[in-house]
Protein chains: 2
Amino acid sequence: MKIELTTEEKIYEAAKEIFYRKGLDGARMQEIADLAGINKALLHYYFRTKEKLFGAIVKRVAEVFFPVLFSTWNMDIPFEAKIYTFTDKYIDFLIKHPFIPNFVINLIHQNPDKVKSLLNFDKLPISAQLEEQIRVEIEAGNIIDVDWRQIIISIISLSVFPFIGSPMLKIIFKLDDEEFLKIMEERKLIIPKMVMAWLKP
Amino acid sequence: MKIELTTEEKIYEAAKEIFYRKGLDGARMQEIADLAGINKALLHYYFRTKEKLFGAIVKRVAEVFFPVLFSTWNMDIPFEAKIYTFTDKYIDFLIKHPFIPNFVINLIHQNPDKVKSLLNFDKLPISAQLEEQIRVEIEAGNIIDVDWRQIIISIISLSVFPFIGSPMLKIIFKLDDEEFLKIMEERKLIIPKMVMAWLKP
DNA sequence: GTCTATAAAGGGATAGAC
DNA sequence: GTCTATCCCTTTATAGAC
């Protein structure tokens, strides 16, 4: 039983779908209208221009994607637990929204300055707590001496790349959707194990 | 001292530059013509349509990218040496061509079937030798028992994602180009160390 | 081969009826 | 709010001179 969406919600859903897959330039207003089950004129009635509609989708995506990406880093829990928590929560999110990473990456590639101001990184230090935590762990001799940024880069790479590169991985390994999902579920534990094995002295 | 390029080469260079950054839909023929120092009509004289020009660039990219990505996997050298060789060669390539991964990813996202037939994976098993090699290593007890695909996915993720996500990493860590490059150079050794630490029983 | 000028198509945006 | 019809700018593609 389907819940009847408002027209605005139908547009959001359709626009999200099309923009995720084709980007701003590749998307057609006609295509979005068709998918939403309305006509082009009504799209413009709700969102004036294509850019504004795109901007609305970007805003929505940013509001869910970046909190999930960064919220774990500054939590006040032990280092090892933090890595396990991150991969578990982040991969869960990516399984639900597999197209978002590629969308965000292209967004930043094509307009780094806009995204920079949108995120306001100067006001919100996203990893200050983690940087300090890693420093303490290194000094205590709990983990090897390595650039803290290499740790974060590695964890994010291991988690997010398989989703960005999923069409290629599916071709290379001849995977169907179910097999791919199973491999991603396994990574929730594989990734923290790998990272900790590396960091243990 | 610059070598004078033929018109066709000037078009290739210009089109590559624009298509890498903006994709098929975002690129403008006028823009490519300007960058090549010619006019639009001459573009069409050489390559009939925008799609054909794009296809020519794709062909060129595929011819360098996939060999670099896959050639190491089936080499007849020990497992550990293979990982070190791969990260070294692959990251060298990515430093020289940082825009290619994102270009290829988007290509496959938007047209998986075309890329599939282009690559002809059925004829060229890209990882059969490596799969067997990992099986032998596991049976000999040299590495832990883990899905061989997880190993390859992890190594590729660790190597290629930082380049795909470089604009975001530069924002998060406030990196300039030089610092970013230094971190990538360090990864040539960090990645194999991490993977081997994980796989050692 | 290379140019200028122009045709043709595509697609975002609006007018106006209901 | 929602539709049909249409405008008009942008961009691809071609014609034709040199």
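Residue numbers begin at 1 in each chain, while the letters A, B, ... track the order of the sequences.
- Within 4.0 Å of B:Y46, counting heavy atoms only, lie sugar-phosphate atoms of the nucleic acid but no base atom.
- Within the 3.5 Å criterion, the main-chain N or O of B:L24 finds a donor-acceptor partner in the side chain of B:K50.
- The phosphate of C:dA13 has OP1 or OP2 within less than 4.0 Å of a side-chain N or O from A:H44.
- Atom pair B:K52:NZ and D:dA13:C1' shows a separation of 12 Å (rounding to whole Å applied).
- What separates CG of A:L53 from C1' of C:dG12 is a distance of 12 Å, to the nearest Å.
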Go through it in stages, so that I can follow the logic: the residues are B:W73 and B:Q129, the test is side-chain contact (heavy atoms from CB on, under 4.5 Å), and I'd like the CA-CA distance, side-chain angles, deciding distance and then a yes or no. CA-CA 7 Å; B:W73 298 128; B:Q129 199 270 4; over 6 Å; no
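- One N or O on the side chain of B:N39 and one on the backbone of B:L42 form a donor-acceptor pair closer than 3.5 Å.
- For A:F99 and A:F103, the ring centers sit 6.0 Å or farther from each other.
- Between C:dG1 and B:T7, no contact under 4.0 Å exists linking OP1 or OP2 to a side-chain N or O.
- Salt bridge annotation for B:E132-B:R135: present, with a cationic side-chain nitrogen under 4.0 angstrom from a carboxylate oxygen.
- Of the residues in residues 9-40 of chain A, those with a non-hydrogen atom less than 4.0 angstrom from any atom of DNA chain C are A:A27, A:R28, A:M29, A:K40.
- When rounded to the nearest whole Å, the span between OH of A:Y45 and C1' of C:dC18 equals 14 Å.
- The listed nucleotides are D:dC3, C:dA13, D:dT14; the one nearest the side chain of A:T49 is C:dA13.
- Listed pair B:R48 / D:dT12 fails the phosphate criterion, with no side-chain N or O lying under 4.0 Å from OP1 or OP2.
- Looking at the side chain of B:L42, the nearest of the listed nucleotides C:dC3, D:dA13, C:dT14 is C:dC3.
- The heavy-atom pair separating A:V160 from A:P101 by the smallest distance is CG2-CB, 3.6 Å.
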